[in-house]
Amino acid sequence: MKYAPKPLPFKKALKGISEKALVIHHDKLYVGYVNKKNEIADKLAEFSHGKKDLSSANQSYSEFRALKDGETFAVNGVYLHEYYFNALGGEGVAAGALADAIVKKYGSLQNFLNYFRACGMSARGWVVLAWDTHEAKLSVYTGDAHNQGGVWGAIPIIVLDVYEHAYFIDYGSDRGAYIDDFFMNLNWNAANAVFETVRYVGR
Ligand code: FE
């Protein structure tokens with residue numbers, strides 16, 4: 001069964017982030033990852049159901065390796081963008097159990113914002129505030145590509161896309177201003193809803 005793209009959970013304009021940028025980001029780039037995810041899944045199904053020969057699998061190059069490598073890139077491209085869009089469209093007013101847990105861990109909300117912002121300036125792709133199920137605690141991880149830097153067993157809660165396509169149209173090279181506006185647009189209700197579903201995993 002084909003994976004269907006999720007619609008944006010908010011209207012196509014935010015504070016600072018234009019409709020043009022969001023339409024390109026969601027309708028072209030995100031949907032493009034969904035389409036590749038489906039295409040790769042169809043091709044891998046031929047291998048997993050005995051229709052294609054698995055004996056050519058090879059770590060230097062093989063069609064099977066190319067599909068498996070593309071699979072994690074496309075699937076993470078879909079999931080990371082869905083987390084990113086899910087936590088946008090709000091008023092940016094920190095509240096709820098997640099805000100409390102952040103203050104408890106980082107000492108203050110501002111400390112967290114400063115740290116997360118620095119992660120955004122350091123990463124080449126993604127910043128993820130996650131619930132790390134191994135240690136049952138909040139952690140911020142960074143990645144330079146969809147399938148690099150992810151930590152197994154860490155469940156994303158707030159995800160920031162720092163690829164140039166996310167901000168260059170509206171901010172030019174001023175990534176810091178984009179990150180500041182990301183927090184201005186953060187939907188803490190949505191982030192809290194995710195936190196409520198994951199906060200007891202691993203405890
Ligand atoms: Fe993106």
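Counting starts at 1 for both ligands and their atoms, following the listed order. Because only heavy atoms are used, hydrogens play no part in the values below, and waters and symmetry mates are left out as well, while side chains stay in. Just so you know, residue 1 is the first one in the sequence shown, and it goes up from there.
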Phe85 vs His25 aromatic rings, parallel, tilted or perpendicular, using cut-offs 30° and 60°?
perpendicular
Same cluster for Met184 and Val162 if Ile/Leu/Val/Met/Phe/Trp/Tyr side chains link at under 4.5 Å?
no
Do His81 and His146 pair up side chain to side chain, a donor and an acceptor below 3.5 Å, judged on atom types alone?
no
Do the side chains of Lys43 and Glu63 get close enough for a salt bridge, i.e. N-O under 4.0 angstrom?
no
Centroid separation under 6.0 Å, is that true for the rings of Phe116 and Phe183?
yes
Could you note down all residue pairs passing side chain to side chain donor-acceptor pair (under 3.5 Å) where residues 116-125 supplies at least one of them, sequence neighbours left out?
Arg117-Asp180
At a cut-off of 2.8 Å, protein N/O/S around the Fe ion (ligand 1) gives His25 NE2, His81 NE2, Asp161 OD2, His165 NE2
